[in-house]
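Worksheet for the structure shown next.
Note that these values count all heavy atoms, side chains included, but never hydrogens, waters or copies made by symmetry. Both counts, for ligands and for their atoms, begin at 1 and track the order of listing.
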Amino acid sequence: MKAQPKASHYINGRYVDDEQGRPLEVIYPATGEAIARLHAATPNIVELAVEAARAAQDEWARVRPAERGRILRRAADILRARNDELARLETLDTGKPVQETEVADPASAAEALEFFGGAVAAFHGDYVDFGGGPFAYTRREPLGVCVGIGAWNYPIQGAGWKSAPALAMGNAMVFKPSENTPLSALALAEIYTEAGLPDGLFNVVQGLSEVGAALVTHPEVAKVSLTGSVPTGRKVLAEAGARMKHATMELGGKSPLIVFDDADVENAVGGAMLANFYSTGQVCSNGTRVFVQEGIYDRFLARLTERTAKIRIGDPLDPATQMGPLINRAQLDKVTGYIAIGREEGARLHHGGGVPHLQGFEGGFFIEPTIFTGVRDDMRIAREEIFGPVMSVLTFREEGEAIERANDTEFGLSAGVFTLNLPRAHRVIAELKAGSCWINHYNLAPVELPFGGFRQSGVGRENSLAALAHYSQLKSVYVETGDVDSPY
Ligand code: NAD
């Protein structure tokens, strides 16, 4: 299997490479085989990319927003037309099954391009009347060169979610994908060029943390949008803050999902599985602490176990496969390490927990979907982000207790509630300290809704008009229509 791109980086509308850069091997997580070899960006490549973005941005900012949007929507059409081919590339890059990538990844990027391509023409400043003549207006102006830094779990979606509002608003972007999944952002860059985006506005450079850090600290860069872990977020936000740069941080979580006695059991089980097993559990918003009220616990656990046992793990390119491998060996070691910690801490390993033996995929990083019961709030598996398919089931008696325990975390990305009691649903959600919440569903992220976290889970929002605000700055303009009343 090979997925070698033409070169490592995409700058100023074309592929470039610098073989002096540290070698980057791209591994297909299902087999462990190398599918591409790239080079991390050298300082020279970083400079070329930022300079290309800087040079192109000024003119782009003067293009009518509706015309900028038209180019984005053309790129969305190409993404949709090439959906299956891009989904396959995403599967090779991430190991996620094509059953997911064909519906979730390029399609979500396309949705962002369509939404921001349309919304930007209606996103303007305000008019303020001061009565009797003077007035003011505000202008939404682009920031300049923005940097996007991606995580490995949703590579093309992340590139689309960051570049679409940035470009729609008149900025240029330099995007650094995760070193684990460098391929699909290059495909998106090619598509932007094909759609007519002027050269230099969307550039892709590869590399690890030092390349990310070089971009964040570059004096020509006005904003950074990172998707990653909390420790990385702290470092990047500190560097950006020290230079007074704008920043959006989409970080990790340990989100609660509360299932009340009156919930529809099948829906609650389906929601809990979506909240833990999609993308092999490598989803930032996952509801990994499942609080189940005592009266429904037995029925919930029985159906959860039956349905989890039927999950098909295996070849990600087989359309029947429902769960692929984790991203790499380090993540597999981390997840199996947490499973061992959970057992040592006294939680009951109720289901899974093992490494499956799959013929032909012996070199892959597979792990069974795993359910722990008897989990206490103070256990590490209930406090720390695992980023794998490991669900902790906890029980509770009453509403106030569930809210208090759900909020007892440093994170605040997401939360979910399953109940058929309408007032309770809204009452509980209002109390939960999380940015992206669901009632009677889990993990949907439509582009119309702001996405992002409270507390340690982040700063700023992606998607919705909020993202356009985060990729722009406001200018206030006071206009006098009479004389200047000056005391001098
Ligand atoms: P990570 O923090 O290791 O890396 C994220 C990105 O930051 C990578 O591209 C990496 O190269 C780069 N990076 C690392 N150190 C840097 C530095 N000092 N300066 C600049 N860039 C640096 O995260 P990951 O392991 O790729 O992804 C998993 C994490 O991302 C999880 O914690 C997950 O919850 C989180 N995540 C959050 C969201 C969200 O939207 N909130 C979505 C997906 C993943």
Do we see a donor-acceptor contact under 3.5 Å between the side chains of Glu90 and Ser184? yes
Side chains of Thr321 and Asp315: donor-acceptor distance under 3.5 Å anywhere? no
Say whether Thr409 and Lys433, considering side chains only, have a donor N or O and an acceptor N or O under 3.5 Å apart. no
Quick test: of every protein heavy atom, which one is nearest to atom 28 (C) of ligand 1, and how far off is it to 0.1 Å? Phe387 CE2, 3.5 Å
Can you check whether Phe365's main-chain N or O pairs, donor with acceptor, with Arg329's side chain at less than 3.5 Å? no
Under a 4.0 Å heavy-atom limit, does Gln282 contact ligand 1 with its side chain, its backbone, both, or neither? neither
Looking only at protein heavy atoms, which one is nearest to atom 25 (O) of ligand 1, and what is the separation? Trp152 CZ3, 2.8 Å
Identify, for atom 27 (O) of ligand 1, the protein heavy atom at the shortest distance, and state residue, atom and that distance. Ala151 CB, 3.5 Å
So, regarding Glu385 and ligand 1 (criterion: nitrogen or oxygen to nitrogen or oxygen, under 3.5 Å), is there a contact or not? yes
Could you report the tightest heavy-atom contact between Ala185 and Pro177, atom names first, then the distance? CB-CG, 3.8 Å
Would you check the N or O atoms of Lys235, main chain and side chain alike, for any that come under 3.5 Å of an N or O of ligand 1? no
Quick check: Gly150 and ligand 1, any N/O pair under 3.5 Å apart? yes
Ligand 1-proximal atoms of Thr227, by part, heavy-atom distance under 4.0 Å: both
Quick check on side-chain hydrogen bond (donor to acceptor under 3.5 Å, both in side chains): which of Ser108, Ser178, Ser279 does Tyr154 satisfy it with? Ser279
Logged contact type for Leu251 with ligand 1, heavy-atom cut-off 4.0 Å, is backbone
Near Ser178, which atoms of ligand 1 are under 4.0 Å from a heavy atom of that residue? 9 (O)
Check whether the side chains of Thr248 and Lys162 place a donor and an acceptor atom closer than 3.5 Å, and report yes or no. no
Lys96 with Asp105: basic N within carboxylate O range, under 4.0 Å: yes
Return the closest protein heavy atom for atom 15 (N) of ligand 1 as residue, atom name and distance. Ser209 CB, 3.2 Å
Show the atoms of ligand 1 that are less than 4.0 angstrom away from any heavy atom in Gly252. 32 (O), 34 (O)
Will you find, in the side chains of His218 and Glu47, an N or O donor that is under 3.5 Å from an N or O acceptor? yes
Quick one: nearest non-hydrogen protein atom to atom 11 (O) of ligand 1, plus distance? Glu179 OE1, 2.7 Å
Begin from the C-alpha positions of Thr101 and Thr91 and carry the test side-chain hydrogen bond (donor to acceptor under 3.5 Å, both in side chains) through to its verdict. CA-CA 7 Å; Thr101 54; Thr91 288; 2.9 Å; yes
Can you find a non-hydrogen atom of Tyr154 under 4.0 Å from ligand 1? no
Identify, for atom 42 (C) of ligand 1, the protein heavy atom at the shortest distance, and state residue, atom and that distance. Cys284 SG, 2.9 Å
Around atom CZ of Arg343, are there more than 12 heavy atoms from other residues, nucleotides or ligands closer than 6.0 Å? no
Polar atom proximity, Asn153 to ligand 1 (N or O, under 3.5 Å): no
At under 4.0 Å between heavy atoms, which part of Leu413 makes contact with ligand 1: side chain, backbone, both or neither? side chain
Heavy-atom contacts with Ile149 under 4.0 Å: which atoms of ligand 1 show up? List them by number with element. 6 (C), 7 (O), 9 (O), 12 (C), 20 (C), 21 (N)
N or O pair under 3.5 Å between Ser457 and ligand 1: no
Would you indicate which of Ala214, Pro155, Ser229 comes nearest to atom 23 (O) of ligand 1 when only heavy atoms are counted? Ser229
Minimum-distance protein heavy atom relative to atom 35 (C) of ligand 1: Gly228 O, 3.0 Å
Holding to side chain to side chain contact (heavy atoms under 4.5 Å, CB included), I want the full list of residues that pass it with Ala52, two or more places apart in sequence or in another chain. Ile11, Asn12, Asn203
Under 3.5 Å, side chain of Arg289 to main-chain N/O of Lys254, donor-acceptor pair present? yes
Measure the distance from atom 22 (C) of ligand 1 to every protein heavy atom, then report the residue, atom name and distance (to 0.1 Å) of the closest one. Thr232 CG2, 3.7 Å
In ligand 1, which numbered atoms sit nearer than 4.0 Å to a non-hydrogen atom of Phe451? 40 (O)
Applying side-chain contact (heavy atoms from CB on, under 4.5 Å) between Thr370 and each of Thr308, Asn276, Ile381, Ile339, report the one that passes. Ile339
